[in-house]
Structures are given as C-alpha cells and as structure tokens.
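Taking it in order: structure first as structure tokens, then the write-up.
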Amino acid sequence: MPPRVRQPRLQSTLPRPSIPPHQCQCVCQTRSRQFSSTSQHATRQRDDMFRWLNGPGSVFRQPLPGSTNYINAYDKGGNLIRARDMRAGENNGGGAEEKAESKEKDVDEGEVRDLEVDVETATIKHKKAQRPSRGATTNAVPLPKETAEDLMPFPMNRQFRSQSVLSEELKDAIYERVMVQGKSVRDVSAALGVEMRRVGAVVRLKAVEKEWESKGKPLATPYSKAVLSMLPQTPYIPNDPRVHESINDLPVHRATTLQLFQPVSETRHFDRRDAAQAFQRNLLPAEDRIPHRELYLMEKWRYEGVQRDERIQRMRERNEEDFWAKKEREDRRRERERTEVTKVDHGRSVFKFQDVKVDVRAGKDGRGPAGVGARYGVPHQDRKRGMIKIPTRVG
Amino acid sequence: MRKRFHGLKRVKIRQSWNKYNLYNLARAEPPRIDNRTFFQQKWTAKSLTRAYHGETVREKKWHKLFRRTIKAVINMDPKALAENDGSEHAEGRGSGLDVPANQKPKSLPKIPYLNMIYAPTERRLDTAVFRALFASSTRQARQFVIHGYVKVNGEKMIYPGYQLNPGDMFQVEPDRVLFATGARKDRAERAAGRKLRAAKASQNAAAEQSESESEPTEPSSPKSDPPPEVAVPEKDAKKALQSLISQAKAILSSPSSALTAQRKQDLRAFQRTVKRNLSRPDALTTTSLDSQLAEITAKMAPKPTAPIPSNPLDLPTLSSPELQAEAATLSPNQLKTLRAALAEARENPIDASKPYATPWRPRDWMSAFAFIPRYLEVHHKICSAVYIRHPVARPGLAEVPTPYNFDLNSLAHNWYLRRR
C-alpha cells in the first residue's frame, strides 16, 4: 500500500505559492499554521486560560486588602461570595431608616477617610501607578469576616483550611512575657492559648530578630507586612486574649485505634484508667497524657469543692516539688555522666567511653535480647533438638 | 519523560504559585473514575497526587518514606476530664446510658486520616521552605537549598531531601526570598539594572587600574589618579568602610603584647587598606586613624533616602529650603503622613541593583496560594521558620495541604499499601 498523503486540516483559499515552503512568509502568518505541529486544541486552551486570568481570575492577581484571597471565596464569575451575600442582605432586609443611617455613617467615614487617604496614596501610589486598582475593593463598607468556606485554598479539599497565624503583637507579647517577665512557657501557653512548642519557637525566632536588629542586618519588613496581610491572623487583645489553637491535644495512641471488647462485671466501676489498661498494660489515661495536666488538676480540685486560695496554694507546692524533682534528676544524670563517661576531645569530635557490663545486657549465655550478639553473630539454636521454635511471647 | 510541568491538556496540580497552576486549580474537578477498574482508579489517584506531593522524589524513595500509621490528635477539655472519669461511657448496658436523640451530645466530625498520606514529604526541607512562603514553588525552594541559601539550625544545608526534626529552625537568605516572592522587574527596571551594573563594572576596572598605577609610589602621585568619579556607589563604599571598621576593632581589641605573625599580617593589611582609601581623590588628607574612623562612621550613618519621585503628593525631601518651608506649613496630621511615607520609603527603597522590582511588592497571583500550615512557626521578618512538630490530623481537619479530596487520597493510600 502506498503511503498516504496527509491532507492539511484547513484548506487554504490562497493560491498555492510557487516558492518553496521554507521561504514562504505570508502563509505562516495566517492563523492556521499548516506546518506547525502544535495542536489547535492546546492553543484554544491557552486562550481560555488567558480569558479566565483577565476575566474572573483577575481578582487573584493582587491581594485583597485586609482579607485573605482564596479561590473558594469566589464564585465562578469571580465575585466575592460574602460581599455578594452582604449586598443581597442589605437589599432585602434594610428599611428606609436603616439605609439613611448607613448613608450618614458613610459620609462620616468618608470625612474620616479623607485624612487617611493621604497616607494611602503616599505609600501605595507606586502600585497604583502601574496597575489599575480593583473596582470592588474600593468599597466604602468593610468586608465581613471570612467564613470557614472562604478559608479553603483548595476547592476540592474541604478538610484543609488556612488557619490563622500569630500576629506581630501577639509574638511580641509572648516574647515579653517569657524573656522580660520571666514567666514559664507553660503559663504563657495556657494564658494566651498558644501551644508550648510554638511559644518556644516564637521566643527563639524573636531572639534572632533582636540579634539582627542589634547587628544592623536589614530585616525583610515589607515582605513580612505583605505576607501577614494575606493571611488570617490571631490578634492580641491584652485583657481578653483569643485562643490561637488547642493547647491540650491528646495524641491518638496506636493501641487505642482498634476496637476492643472487654467483658466487665456490671457492678464494676470501669473508668478511663481501666480502659487505658485494657488497651495496653502501661497506657496512661487521657488526663495524664495531655500537655497541660495542671489545668486538669485545677479543674478537678474546683469540682471537688476546694477553695480558690487553697487550689492556688496546692498548685504552687506542686510546681515547687516538680522543679526540685527535675533538678535532682538532672543533677544525678550529670553526676553519673561525670563519673562514668570518659571524654576525649579531638577538636572535630568528642569520643565518649563508658564501661558496659556485658553480663547484664546479654545475659549469662550471651544471648540476651539486649546484647549485641542477639542480632549479629550468635548462631540460632532453633534447629536444635527440643528447642521451641514458636515464640512463646508476643512483645 | 514529562512534557510540561504546568499542562493545560493533561492537568496536574503542582506546588507552585504559577498562574497556569492557579487556572488549573480553579477549574479542577475530581477525576471521573466511576467506569474504570479499581486498579485504574488507584493508578489515577496515585499519579495525580504524586504530581503534587514530592514530584522530585523518585517513586522508590517515596515507597520507603511511606508509613501506614498516621498521626492524629484530639483536643481534650480539662474541665470535661475533671468532671467525668469516663465511667459514664460504660453505664447502662456497657455503652453509656440511653438518651433521647435530641439530647445526645454532638459527635465530633471524623478524622480525615487518609488526607495525611503525604505527611512524610512535608518533612522535607524544600517542601518546608515552600510551605513557609519563602519560595514560589518547591522546585525553586529546592534550588535555593542546593545553591546554599538555606541554613538549618545555623548550619548550611544543601540537601533538599533533609528530613526536618521537630524543633529545627531553617533560615533562607532574605534577598533570595524577596526575589522569589517579589514582583518581577519590568522593562525599564531591567534596563536601569543593566546600566547600573555596567557603571559598576567600569568603575571597578578603573579602580583596579588606578591601584596598580599608584601602588609603587603611594600617596605622592595624586595626578596619576583617574578624574574624580561622579558618585561612588554608596553600597560599595559602605562595604569597604565596614570591613575597615571591623578590622580596626579586631586589632584594637587584641592585646598589643602578643605580636604574632597573624597579627602582623592583620596590621599590614589594615595599613594597606587605609592607604588605599587615602589615595582616593575624595578621601581626607589627614592621616590620623581617629579622624579617619570618625569620617567613616559619619559616612556609615544612614542617609535619609529620597522619597519615591513618582509621588503625586510631591513629598518634600527636606533638602531644599523651599520644600522645607512648605513642610513647615503642613498640619500635624499631614506631617505624620509625611513621616510615615518617608519611613516606608526608607524601609522599602528603590534599588535598581536588586533582581526584583523595587520598591518590593508581592508577586502576582501570590495571595491565592498564601497559607501557612500549623506545624510551622514562621517569622517572615527574618525569613526564618521553626518546624515545631509533625503534621497531624484532627477531627474534621488534616494539616497536610493537599488539593485533592478524601476519596482520591484514600485511593492513593490504597495504592501504596503493600498488598494492593
């Protein structure tokens, strides 16, 4: 069968040029390029994309002032859903009087704004000079707060939300309380509703920032401001701190993820401690595994009817005991290390030597599971006569 | 071999702030897999999710990272714990007392465990840098790591696959972050940058030439110097003077009795620098070190930069007396405005030498992608972040940012189980 000659997709109405194709300029400039291998489909898709980017998608080009700007907050036409709803609510519910009031308000705000416009035009002008501002954002009425739906950056995934970050003021407050007032990380965490590990991280990062400042190293302040304005933030209100995140997170223990049927007599008082032991022998109940156990104890004493002063006194004693116990443990560890470990410093690395009693770890026959030989070197005995191969215990 | 990173035909969502990616994300729908075999469904799910999560990680490596166990937490209320000891759950016939349906406490939403399958990739350094909003894509973050712009706990870390541990602090060079997240230069700005670089290069060449000429007969040959330049770039001068000061400090602080070889070398180097500075036509003629240092410190003091010239308000620079007079007539409120504008201009100056548009502003399309997961604590001012803990799932919420829904993720999870 002779090879088939491919027909061009679109029949050109132009007369066939007599010059060879590589010289032909006029034909290549038409919309349908006959010699191009680019599929028409891809080009159409690109056109669609740019149409979207210049149309409904143009709202994402610049951040929305004073708010987050995620895909899920907009409808297909590129309208902010909560702004649309607010407008609809106003049109439906607002009486004539309310409207008049709101108008007055607007005027008042307009006057107040006049003074502030100077600040804005002075500082943001360079942006405006290059790009025309969005019409919707110049609304005089402030936008309502984002709903949980508006904080979903991925429209398909409803289980992921952009969660708020600490505001600069809150970070400053954390640093002040820990480093200046000398409060414990635990107390600051409970008071401000910030996880303990986060409190530690904030203090560390703030310390680096202060160091940079003292050295005169330039900070990325404009970047920081711009990014924080795009994110939901937890504000700092000195007298009424907002809870930033859950501070008493209980890790889901692996042993508790399987369903368990435990026959128990009817008269038995079966509480959390028993349930934990049923799941695993050494598993502690939830109240002993949460990070802020002291909050639980305070609540418990209150529930038992202990007076406030007495509760505080008890907590103080407990803290002191904890402190001394911790100190003693630490001292003992240091002492043990000092006496038992010989250190040889080679500049690049420090060698540590410690005497080990092999008998204790490996057992008398050298086959103990903690000994080195259990895994490497010691031949198995499981083929000997009379040795039980099936494990007798599941560890 | 992959053809396109951001395809419009074969849509793969990526870890990037690209506008193609934004378009793909905005129009993305769960793939239609109803009429396909279970194997095909899993394959599709795996291929889509892997294109987003750790696409630079090879499949075999990811297989080793994958864990069936997924971390989850549940928030405990200390008050509820104190008031009940848990025995109420065992009352009645062993599963709590029967209560009418309308009085039943609201049960917690389900924990979306399977949205967390790619939690191990979130530990990677390059992914964390991207998640902290220090780079515009994971690939860019990876490049930053490889090029040595990222530090972990103060040490340079050049491996993008480094698995961060809870408590690790990572820092990215601020200039790189500003470049990655800042708007691009337009044509005029690029031209200005080129001009500046060319000027600097010619200056350097001239300086070298003058140095080589003046070195044998030192300060006594002012005529051989090139004609005084128009303006020494402030940054260069600043750098040289900074180094001078630090050298001087080091020498003055060390005890004078210990005249070791190193110290002699230092002294010689310092003398050379001072001489070179003095040989410049615009330098002072006095040779005393003190006055020189004083001069240097005076130069080092931050000069108030001129405000943005394109301002319509014509902010007075306070340099000319007329403008100053005008400034004097301003009301306190306006003066405050003026001060704020000046402060902002100083904080975010115009600098053609930077690889991004100045004054700095965020790049286009960034806001749709800007979120910070809770397992990171980011301090943007110093371009540093701490990886505080591993990502966890909690009732109704999974901390791993994934664009796909629970169904697709569970299919992908199924793919990676040993027996699929």
Side-chain angles (χ1 to χ4, degrees), chain A residues 42 45-46 49 52-53 57 60-61 63 69-71 115 118-119 122-123 125-127 129 153-154 156-157 159-160 162-163 165 197-198 201-202 204-205 208-209 212 219-224 226-227 230-231 246 248-252 254 269-272 275 286-287 290 295-296 299-300 303, chain B residues 8-9 19 22-23 25-26 28 30 72-76 78-79 81-83 85-87 90 112 115 133 174 177-178 181 308 310-311 313 333 337 340-341 344 347-348 359-362 364-365 367-368 370-372 374 377 379-384 386 388-389 397-398 401-405:
Chain A
Q45 281 181 329
R46 206 169 304 134
M49 185 192 80
W52 183 82
L53 286 176
F60 301 113
R61 192 187 281 273
N69 199 25
Y70 301 122
I71 294 176
L115 295 172
D118 294 6
V119 184
T123 53
K125 183 57 194 151
H126 52 266
K127 278 182 203 165
F154 304 116
M156 277 191 287
N157 183 1
Q159 271 99 26
F160 180 77
S162 169
Q163 289 172 290
V165 297
R197 283 172 290 192
R198 196 179 302 280
V202 166
R204 199 170 155 201
L205 290 165
V208 174
E209 190 200 319
W212 282 30
L219 304 176
T221 323
Y223 161 70
S224 167
V227 168
M230 293 179 206
L231 297 168
S246 53
N248 260 329
D249 280 341
L250 176 76
V252 174
R254 221 182 148 193
H269 185 78
F270 193 82
D271 61 2
R272 265 198 299 273
E287 62 261 25
I290 53 174
L295 295 183
Y296 156 75
E299 287 292 339
K300 197 180 148 213
Y303 187 64
Chain B
L8 292 174
K9 203 173 177 189
K19 63 187 170 195
L22 180 71
Y23 175 59
L25 197 61
V73 294
I74 292 175
N75 183 28
M76 288 312 216
K79 201 175 170 198
L81 282 177
E83 290 174 4
D85 63 352
S87 62
N115 275 1
L133 306 180
V177 173
L178 293 183
T181 59
I308 307 140
S310 64
N311 258 331
L313 281 179
N333 210 343
T337 313
E344 171 135 341
E347 203 173 80
N348 197 359
W360 187 92
R361 56 177 197 276
D364 287 357
W365 319 109
S367 60
F371 59 83
I372 291 176
R374 280 270 165 94
E377 177 54 42
H379 204 64
H380 292 102
K381 265 189 195 165
I382 50 170
C383 300
S384 309
V386 176
I388 23 183
R389 55 179 167 77
L397 209 70
T402 173
Y404 295 105
N405 58 9

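The chains referred to below are lettered A, B, ... by the order of the sequence lines, with proteins before strands, and numbering in each begins at 1.
- Listed options A/Ala226, A/Ala286, A/Ser246 were ranked by heavy-atom pairs under 4.5 angstrom with chain B; first place goes to A/Ser246.
- How far CG of B/Leu133 is from CE of A/Met230: 8.5 Å, rounded to the nearest 0.5 Å.
- Once rounded to the nearest 0.5 Å, the distance linking CH2 of B/Trp365 with CG of A/Asn69 reads 10.5 Å.
- B/Thr181 touches chain A through its side chain: at least one heavy atom from C-beta onward sits under 4.5 Å away, while N, CA, C and O do not.
- Between B/Trp360 and A/Pro222 the shortest heavy-atom distance is CZ3-O, 3.8 Å.
- Annotation for A/Leu205 and B/Glu377: closest pair CD1-O, 3.5 Å, computed over non-hydrogen atoms.
- No other option in B/Pro78, B/Gly86, B/Pro112 has as many heavy-atom pairs under 4.5 Å with chain A as B/Pro78.
- Counting all heavy atoms, side chain and backbone alike, B/Asn405 lies closest to A/Met156 at CB-O, 3.5 Å.
- Aromatic ring pairs are classed by plane angle as parallel below 30°, tilted from 30° to 60° and perpendicular above 60°; the pair A/Phe160 and B/Phe371 is perpendicular.
- Of all the heavy atoms in B/Lys381 and A/Thr221, the pair that sits closest is CE-CG2, 4.2 Å.
- Only the side chain of A/Ile290 comes within less than 4.5 Å of a heavy atom in chain B; its backbone stays farther off.
- Counting heavy-atom pairs closer than 4.5 Å to chain A, the top residue among B/Leu22, B/Ile382, B/Asn115 is B/Ile382.
- Atoms NZ and OH, on B/Lys79 and A/Tyr303 in that order, are 10.5 Å from each other to the nearest 0.5 Å.
- Checked by atom type and distance alone, the side chain of A/Arg198 pairs as donor or acceptor with a backbone atom of B/Arg374 at under 3.5 Å.
- Within the model, atoms NZ of A/Lys300 and CG of B/Leu81 stand 11.5 Å from one another, a figure rounded to the nearest 0.5 Å.
- Both the backbone and the side chain of A/Phe270 come within contact range of chain B, with heavy atoms under 4.5 Å apart.
- Once rounded to the nearest 0.5 Å, the distance linking CE of B/Met76 with CG of A/Leu295 reads 14.0 Å.
- The closest donor-acceptor contact from the side chain of A/Tyr70 to the backbone of B/Ala370 lies under 3.5 Å.
- Contacts of A/Arg197 with chain B are made by both backbone and side-chain atoms, with heavy-atom separations under 4.5 Å.
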Query - CA sep, side-chain torsions, deciding dist, call: A/Phe154, B/Leu25, side-chain contact (heavy atoms from CB on, under 4.5 Å) - result: CA-CA 7 Å; A/Phe154 304 116; B/Leu25 197 61; 4.0 Å; yes

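- Across every non-hydrogen atom of A/Tyr223 and B/Val177, the tightest pair is CZ-CG1, 3.5 Å.
- For the atom pair CZ of A/Arg272 and OG of B/Ser87, the computed distance is 9.0 Å after rounding to the nearest 0.5 Å.
- The contact between B/Pro174 and chain A is made entirely by side chain atoms (from C-beta outward), counting heavy-atom distances below 4.5 Å.
- For the residue pair B/Asn75 and A/Asn248, the shortest heavy atom distance occurs at OD1-O, 3.5 Å.
- Most heavy-atom pairs under 4.5 Å with chain B: of the set A/Val227, A/Val208, A/Val165, this distinction falls to A/Val227.
- In this structure, the portion of B/Ala90 lying under 4.5 Å from any heavy atom of chain A is its side chain and not its backbone.
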